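This report concerns only the one structure given below.
The model shown is predicted, which means the values in this text are computed figures rather than measured ones. Every number for a ligand or one of its atoms is a count from 1 in the order of the listing.
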Amino acid sequence: MLTTAPRGTKDILPQEIENWRYVEAAMRRICAQFGYKEIRTPVFEHTELFKRGIGDTTDVVEKEMYTFTDRGERSITLRPENTASAVRAFCEHKMYAEPAPTKLYYIGPMFRYDRPQAGRYRQFHQFGIEALGVDSPAIDAEAILLAVTILKELGLKDLHLKINSVGCPNCRPQHRAKLQDYFRPHLEGMCSDCKSRFERNPLRLLDCKVPHDHEIAAGAPSLEECLCEECREHFEGVKKLLTAAGVDFEVDNTLVRGLDYYTKTAFEIQYVPLGAQSAVCGGGRYDGLVKEIGGQDVSGIGFAMGMERILLALESQNLLPEHKDGIDAFIVCPNQDNLEAAFKTAIALRQAGLKTEFDFLARSMKAQMKQAGRLNAKFAVIFGDDELARGAVTLKNMAESTQTEIPVDDIVTILQTEVQKYE
Ligand code: HAM
């Protein structure tokens, strides 16, 4: 147990890190093109922020939060997502005083006590964006375009973008009443979650995964029929701009996202070959959230992508570039009497910017040469007794298997020149 990570978590090993960096670099680059700036918020917040922000009746808040009381008797929760925290930071640092929009992005770990399976973890990582302070559908379309641009730039095809409008506080009560009228006669046979949500949040009944309930939900009245003029116009605006940008999408009136803060636009991008956990990106507009957590009446839109799912998708399609690991020089020093000279040379080479390693285990000459090969060294610098007696070392070009003797004093300058030939 002590040598196993907790269920639903995993180590990201050195050989995987380059893949993460590659994906993150694409995200950062494209965010810069779209004018988004990075924010890093704490991994834990006051529990109340998520209860108020995400909603008491959501699975995330009801069942999935890592909540504990700290030594100061405060209820603290490891963030299950970053939107509420970003909005909290927006209020706390009075970002609304700057000209709108405030465009933020983040990359970091999130925590949900979910049932672990491929593509679903208890600690997972999200890349996400939030744009605050703009009501225009243009910012919705831009946010969706940003998500699509990132996924396409990484090479993913077969992406399926679904969009919907989930309405606003003006039109939702009408839909809510219609939903309750529809579900009431079926409620007896539905699951306990549906029963408890029937009064509190009947929209969530559309989203139930229990097959029997799901079938009933399929016949429920659509929100589209109830949308108010403003929501309808907004949705039309988003669709028009997406079409103008050449983005393919499907309108899915059953798309209800699992977090309560959404208003108007909701969207999801699926990478279908991933199967059960195919949602690689989800987001939408949240016009009431800033006010809900105590800020001003400022609108917002954003999305988040699951980093692990994107990496799984890229891996399955062989879309991750090959990373050539290697070092510039390995110092081979079979005689421990020469260790100090070898050590100093390693320091000098590193100070000159060269990736340098040497042997720590007093291995034999042969074993040290083997280690130089394993580390993919461009050169081996051999501290042999005979050469050292002449004030020289042997420089071996590992790829070409050629070697020359060079003066000890010139090691740094010669290696700098030689290594440059390979760049
Ligand atoms: P979400 O749909 O809960 O939205 O999560 C967004 C994405 O995070 C999912 O599409 C999925 O790729 C990934 N994800 C979620 N849970 C897990 C998990 N247990 N394991 C692995 N990946 C997971 C949000 O979190 C909203 N904050 C998005 C947003 C931003 N809406 C507006 N702004």
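Across Gln126, Arg285, Glu308, heavy-atom proximity to atom 5 (O) of ligand 1 is greatest for Gln126. The heavy atom nearest to atom 3 (O) of ligand 1, considering only Gln117, Arg115, Arg112, is found in Arg112. Considering each of Glu81, Glu268, His125, Met305, the one bringing a non-hydrogen atom nearest atom 27 (N) of ligand 1 is Glu81.
Of the heavy atoms in Arg309, only side-chain atoms (C-beta onward) come closer than 4.0 Å to ligand 1. For Tyr261, every heavy-atom contact with ligand 1 shorter than 4.0 Å involves the side chain, none the backbone.
The ligand atoms of ligand 1 that sit less than 4.0 angstrom from a heavy atom of Gly283 are 31 (N). Close approach of ligand 1 to Val280 (heavy-atom distance below 4.0 Å) involves ligand atoms 10 (O), 12 (O). Contact atoms of ligand 1 toward Asp114: 19 (N) (distance under 4.0 Å to a heavy atom of the residue). Proximity to Thr83 (heavy-atom distance under 4.0 Å) selects the following atoms of ligand 1: 26 (C), 27 (N), 29 (C), 30 (C), 31 (N), 32 (C), 33 (N). Atom numbering of ligand 1 starts at 1 in the shown order; those under 4.0 Å from a heavy atom of Glu130 are 30 (C), 32 (C), 33 (N). Each of the atoms 10 (O), 28 (C), 29 (C) of ligand 1 lies under 4.0 Å from some heavy atom of Gly282.
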Test log, rule salt bridge (Lys or Arg N to Asp or Glu O under 4.0 Å), inputs Arg88 and Glu92 = CA-CA 6 Å; Arg88 196 258 316 129; Glu92 184 170 341; 2.9 Å; yes
Should Asp135 and Ser299 be marked as a side chain to side chain donor-acceptor pair (under 3.5 Å) after you check the CA-CA gap, both sets of side-chain angles, and the distance that decides it?
-> CA-CA 6 Å; Asp135 293 333; Ser299 56; 2.7 Å; yes
Determine, step by step, whether Arg52 and Glu292 satisfy the salt bridge (Lys or Arg N to Asp or Glu O under 4.0 Å) criterion, reporting the C-alpha distance in whole Å, the side-chain angles of both residues, the deciding distance to 0.1 Å, and the verdict.
-> CA-CA 7 Å; Arg52 286 284 282 279; Glu292 181 66 37; 3.2 Å; yes
May I have the step-by-step check of side chain to side chain donor-acceptor pair (under 3.5 Å) for Asn164 and Asn253, ending in yes or no?
-> CA-CA 6 Å; Asn164 191 20; Asn253 291 132; 3.3 Å; yes
Pair Tyr286-Thr83, side chain to side chain donor-acceptor pair (under 3.5 Å): steps then yes or no | CA-CA 10 Å; Tyr286 45 85; Thr83 307; 5.7 Å; no
Go through the steps to decide whether Thr356 and Ile331 satisfy the test side chain to side chain contact (heavy atoms under 4.5 Å, CB included), and finish with yes or no.
-> CA-CA 8 Å; Thr356 309; Ile331 299 178; 4.0 Å; yes
Kindly determine whether His323 and Asn19 satisfy side chain to side chain donor-acceptor pair (under 3.5 Å), including the steps that lead there.
-> CA-CA 8 Å; His323 304 289; Asn19 293 337; 3.1 Å; yes
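The distance between the ring centers of His125 and Tyr121 does not fall below 6.0 angstrom.
At least one heavy atom of Arg257 lies less than 4.0 angstrom from ligand 1. The closest approach between a heavy atom of Gly119 and any atom of ligand 1 is below 4.0 Å. Cys281 counts as a contact of ligand 1, since one of its heavy atoms falls under 4.0 Å from the ligand.
Residue, atom and distance of the protein heavy atom nearest to atom 19 (N) of ligand 1 are Tyr121 O, 2.9 Å. When hydrogens are left out, the protein atom nearest atom 10 (O) of ligand 1 is Ala279 O, 3.4 Å; that is the closest non-hydrogen contact. Summary of contacts: the protein heavy atom closest to atom 13 (C) of ligand 1 is Gly306 CA, 3.6 Å. Counting only heavy atoms of the protein, atom 7 (C) of ligand 1 lies nearest to Ala304 O, 3.6 Å. Here the protein heavy atom with the shortest distance to atom 14 (N) of ligand 1 is Phe124 CE1, 3.6 Å.
Considering backbone and side-chain N/O of Leu259, none are found under 3.5 Å from N/O of ligand 1. For a threshold of 3.5 Å applied to N or O pairs, the pair formed by Tyr262 and ligand 1 contains at least one separation below that value. Residue-to-ligand polar distances keep Ile301 apart from ligand 1: every N/O pair is separated by 3.5 Å or more.
Looking at Arg200, Lys63, Lys209, Arg204 one by one, the single match for salt bridge (Lys or Arg N to Asp or Glu O under 4.0 Å) with Asp193 turns out to be Lys63. A salt bridge (Lys or Arg N to Asp or Glu O under 4.0 Å) with Asp328 is found for one member of Lys378, Lys421, Lys355 and no other, namely Lys378.
Atom CD of Glu16 is surrounded by more than 12 heavy atoms from other residues, nucleotides or ligands within 6.0 Å.
Using a 4.0 Å cut-off between charged side-chain N and carboxylate O, Lys10 and Glu308 make no salt bridge.
Listed by first and then second residue, the side chain to side chain donor-acceptor pair (under 3.5 Å) pairs involving residues 96-117 are Arg28-Tyr105, Lys103-Glu142, Tyr106-Glu130, Gln117-Gln277 (not counting sequence neighbours).
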